[in-house]
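In each ligand, atom 1 is the first atom listed, and ligand 1 is the first ligand listed. Please read these numbers as outputs of a predicted model, since none were measured by experiment.
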Amino acid sequence: MRFGHFDDEAREYVIATPRTPYPWINYLGTEEFFSLISHTGGGYCFYRDARFRRLLRYRYNNSPTDVGGRAFYIRDGDDVWSPAWMPIKPKLDSFECRHGLGTTKIRGSRNGVTAEMFYLVPLGETAEVCRLTLTNDSKTPKALKVFSFVEFCLWNAWDDQTNFQRNFSTGEVEVEGSTIYHVTEYRERRNHYAVFGVNAPIAGFDTDRETFIGLYNGLHEPEVVLTGSPRNSTASGWAPIGSHCLEVSIAPGEGRDFVFVLGYVENPVDDKWEKPGEVNKEPARALMSRFSDSAQVEAAVAKLRDYWSSLLGTYVLESPDERLNRMVNTWNPYQCMVTFNQSRSASYFESGIGRGMGFRDSNQDLLGFVHLIPERARQRILDIAATQFSDGSAYHQYQPLTKRGNHDIGSGFNDDPLWLIVGVAAYIKETGDFEILSEEVPFDNDEANTASLFEHLRRSFHFTLENLGPHGLPLIGRADWNDCLNLNCFSETPDEPYQTTANREGRTAESVFIAGQFVYTASDYAALADHMGFTEEATAAREHAASMKEAILEHGWDGDWFLRAYDFFGHKVGSHECEDGQIFIEPQGFCVMAGVGVEDGKALRALDSVAERLATPYGIVLNQPAYSGYHVELGEISSYPPGYKENAGIFCHNNPWVMIAETRVGRGDRAFDYYKRIAPAYLEEISEIHRTEPYVYSQMVAGRDAVREGEAKNSWLTGTAAWNYVAIAHHMLGVRPELDGLRVSPRIGAEVPSFSVTRKCRGAVYRIRVVNSLAHDEPRLVVDGTAIEGTLVSYAAAGATVDVECET
Ligand code: BGC
């Protein structure tokens, strides 16, 4: 069942009812200020860091779900309603929400009044702007009262939800004209405040939550709105809010626009005060004046549209499959940009206080956005690398505000270092910027201890080699890609986290996944070493990769598939010898992607085992059989009920590894089949089962062992976005940058008989037309009228346009 539809022209998803199976959200903001906004206006915003600089309070896991954050109320005579449906949930005459690229438009109407809220975070601004348009569709004049509402978070979102003995006494506000200032803690160490203003005179305001709502009332029955009279309350401690009251008269058939601005303002530390005790409001006034009328909002919208059109113009697909087009051209890269900005910090499933930026996550996310914003990818790489330790290991996470490694979680995830090579190689393939390898980058953010970025990569590579186990396979440490496979943890205490608890000392637990990842990474690493003139290092790297390949084939092959690991005791994990957890997806995908077993048929065999044992209509599950009970020697993976998360859930992040592996062995049709099973645009019709947004990937879909098979969770912030993009754009459609040229080598089945891709790369434009006749073993290319050998199109000079005809 569908709850809306795609408007491909406008690049929007149009939600037709407020009663979606879960709140369907969007992200506003591109650089420093971000908002999460659901189709009924729920959510919050923050400046740079969802934990430390949160402007709005939002209650996770609430019932009813998704109330709070921001709202509008309309009083039309005695009738009180909320145009975004929440929080009052009135009967609306019409409702529509359009989530677009960095914009969200929510429209509701009732009794002849239509209210449209158009939200965006304009480029270059640290503010959420909302243009409210009220129209009187009735035949009689309307005299309305409109109440805005936001609830302020006291900045530090964790503290805000826990430290009540302090917080209930710190809240402070100032009001000047139509502008409300949230200035809690400004008197002491903060030099920032929030501002909430509207471009029209107000009839009153409220800033104290209890006064506005009533202590025993809910947001659906705020006392001030019910009585129709603002109280001009001044918050002092407790819960500061911002609410304006506007009196609006509208003639029949007419409309009125108002612009609300909710912004973050920072003052120079020595220029904090206007006069003693009054904050310096100059930057806020300037911000308000930039959005004092609708024309200014329109101009900001136009700029934002241009920004997105230009970004998404980097890779444009035209194919007969409209669902494929909308994934590749709009929604998948859009999600990749969101994961670039948020990593795993703030979504409707990530509270914004738990996790900062993941080391491995951010490197993988880069694969999906590097072609869109290479300059920012460059900075991201340098930031990530600066959190690496000098022995090559890495903090598992870092905080976006400070860019420092997160001590709480520490290091010890032995796949982390290798992802840096993957990220850097992707960046250089895209840009040709080999210079980055010579950048001096600190270890653990210590400016006194720096080395070139290439040296960081060298330490990453050698970290694996210095940490091999009894079978010559890499030691797993706390976990590898699968955070929940904790082979050294042995946790029997419910209150300790699996990822950080003291591990048992031992150098036995090994990961076949990291082994495959090492081989996969080694060829790029060796090519980069060659480029730097480190020929011996390059040769050695290739030799190490060859030995690792042998170790996998000798000790990591189980007969019909690749093993997953050896545990602390040297027992096999992911073997037919095991009772549960006989086969895992990760090593099948990664080893084949690395080319292991391709020559001798093992790769095909492993992928066939995936098809036989792991593939389901909703995607490929992580392992089978699911663990039916807790295994202390395996850790968190066996803590989940069967079918959920890492215990036999469909972990969408690793499905594309199998898709890429299938293209590696020439089975594009299978790859595309797997692709369609999890790509959200293809799941729109089953939204009542899938539940999360039909325009973005979710991290996990419940697997076949689960009670709620097919139900997705953790939408938006997942490595799934980047890897699925890589799988479809680079491997199935087959257009990908390599160090020495643009590879054009489609492997997509007969379902897509022809297509074209326009790809911008290194300043040139490649117009690629593919006839997917599947008549040849290797695709045949004609470049600017001349047939070439192989499938690598040399890079053209910046400004050039290259025509490529490809027949498969
Ligand atoms: C983490 C990833 C991890 C994956 C599998 C995600 O929640 O962000 O880093 O690879 O889970 O455990």
Kindly confirm or rule out an N or O of Asp361 lying under 3.5 angstrom from an N or O of ligand 1.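 Yes; the residue has a nitrogen or oxygen that sits under 3.5 Å from a nitrogen or oxygen of the ligand.
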Are any of the N/O atoms on Lys645, whether in the backbone or the side chain, positioned under 3.5 angstrom from an N/O atom of ligand 1?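 No, since none of the N or O atoms of Lys645 sits under 3.5 Å from an N or O of ligand 1.
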Between [X] and [Y], does any side-chain N to carboxylate O distance fall below 4.0 Å?
X      : Y      : result
Glu350 : Arg344 : no
Asp480 : Arg564 : yes
Asp415 : Arg360 : yes

Could you list the atoms of ligand 1 found under 4.0 angstrom from a heavy atom of [X]?
X      : value
Gln699 : 6 (C), 7 (O), 11 (O)
Asn482 : 12 (O)
Arg360 : 2 (C), 3 (C), 9 (O), 10 (O)

Taking the six-membered ring of Phe568, is the NZ or CZ of Arg504 close enough (under 6.0 Å from the centre) and on axis enough (within 45°)? yes
Ile678 versus Gly619, closest heavy-atom pair with distance: CG2-CA, 3.8 Å
Distance from atom 12 (O) of ligand 1 to nearest protein heavy atom, with residue and atom: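 Heavy-atom neighbour on the protein nearest atom 12 (O) of ligand 1: Glu646 OE2, 2.5 Å.
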Please write down residue, atom name and distance for the protein heavy atom closest to atom 10 (O) of ligand 1.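 For atom 10 (O) of ligand 1, the nearest protein heavy atom comes out as Trp481 O, 2.5 Å.
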Please classify the Asp483 to ligand 1 contact at 4.0 Å (heavy-atom distances, strictly less than): side chain, backbone, both or neither.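 Looking at Asp483 and ligand 1, atoms from backbone and side chain both fall under 4.0 Å.
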Between His653 and ligand 1, which part of the residue brings a heavy atom under 4.0 Å of the ligand: side chain, backbone, both or neither? neither
When you measure from the side chain of Ser343 to the backbone of Gly358, do you find a donor-acceptor pair of N or O atoms at a distance under 3.5 Å? yes
Single hit among Asn482, Asn623, Asn654 for side chain to side chain donor-acceptor pair (under 3.5 Å) with Glu586: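 The residue from Asn482, Asn623, Asn654 that satisfies side chain to side chain donor-acceptor pair (under 3.5 Å) with Glu586 turns out to be Asn482.
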